[in-house]
Amino acid sequence: MIKVTAGADAPERCSQAFTVAAVAVASGVEVSLWLTGESSWFALPGRAAEFELPHAAPLPELIDGILAGGGMITVCTQCAARRDIEEKDLIEGARIAGAQVFVGEVMADDVQALVY
């Protein structure tokens, strides 16, 4: 599980989380990527393309790799609500879920959690 707590407000931390998630999926690791706070915006169509960071992989490519490899992308329920984001607004393959789902995933056997 990888939880992203930063978006364009902390671009290096944000990019690192998406990069680690994409590399993990490409390596055959099951990944659940949780977008919280400002990273929630990247679950909307076109928003990842607006993100730029020199010497970093483009966010849309990382997201595509995560989803194509079977990774799950989840937007925090409260974070989505604070930004007026609804399930119908999300990119294909993303979902909105809350703390109960997060805790269920993170407490499962053999789960490692990384927070950026």
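Computed from heavy atoms alone, side chains included, the values below leave out hydrogens, waters and symmetry copies.
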Using 0.5 Å steps for rounding, measure from the [atom1] atom of [X] to the [atom2] atom of [Y].
{"X": "Leu35", "Y": "Ile63", "atom1": "CG", "atom2": "CD1", "answer": "7.5 Å"}
{"X": "Ile2", "Y": "Gln112", "atom1": "CD1", "atom2": "CD", "answer": "11.0 Å"}
{"X": "Ile96", "Y": "Ile85", "atom1": "CD1", "atom2": "CD1", "answer": "7.0 Å"}
{"X": "Thr5", "Y": "Arg13", "atom1": "OG1", "atom2": "CZ", "answer": "4.5 Å"}

Determine the minimum heavy-atom distance between [X] and [Y], stating which atoms define it.
{"X": "Leu62", "Y": "Ala22", "answer": "CD2-CB, 3.7 Å"}
{"X": "Gly98", "Y": "Thr77", "answer": "N-OG1, 3.0 Å"}
{"X": "Glu105", "Y": "Val111", "answer": "O-CG2, 3.4 Å"}
{"X": "Ala43", "Y": "Ala94", "answer": "CB-CB, 4.5 Å"}
{"X": "Leu59", "Y": "Ala48", "answer": "CB-O, 3.8 Å"}
{"X": "Cys14", "Y": "Phe51", "answer": "SG-CE1, 4.2 Å"}

Between [X] and [Y], is any pair of side-chain heavy atoms under 4.5 Å apart?
{"X": "Ile91", "Y": "Arg47", "value": "no"}
{"X": "Thr74", "Y": "Met72", "value": "yes"}
{"X": "Phe102", "Y": "Cys76", "value": "no"}
{"X": "Val101", "Y": "Trp34", "value": "yes"}
{"X": "Tyr116", "Y": "Val20", "value": "yes"}
{"X": "Ser15", "Y": "Glu12", "value": "no"}
{"X": "Thr36", "Y": "Lys3", "value": "yes"}
{"X": "Phe18", "Y": "Leu33", "value": "yes"}

Does the side chain to side chain donor-acceptor pair (under 3.5 Å) test come out yes or no for Trp41 and Glu50, once each step is laid out? CA-CA 10 Å; Trp41 294 115; Glu50 298 171 7; over 6 Å; no
Side-chain donor/acceptor of Ser27 to backbone N/O of Val23, under 3.5 Å: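 The answer is yes, because a donor-acceptor pair under 3.5 Å joins these two groups.
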Asp64: partners by side-chain contact (heavy atoms from CB on, under 4.5 Å), with sequence neighbours left out: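 Scan of Asp64 (side-chain contact (heavy atoms from CB on, under 4.5 Å), adjacent residues dropped) gives none.
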Over 12 non-hydrogen atoms of neighbours within 6.0 angstrom of CD in Glu30: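 Counting neighbours around CD of Glu30, 12 or fewer heavy atoms of other residues, nucleotides or ligands fall under 6.0 Å, so no.
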Check each of Val4, Ile66, Val31 against Ile73 using the side chain to side chain contact (heavy atoms under 4.5 Å, CB included) test, and report the only one that passes.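 Only one of Val4, Ile66, Val31 forms a side chain to side chain contact (heavy atoms under 4.5 Å, CB included) with Ile73, namely Ile66.
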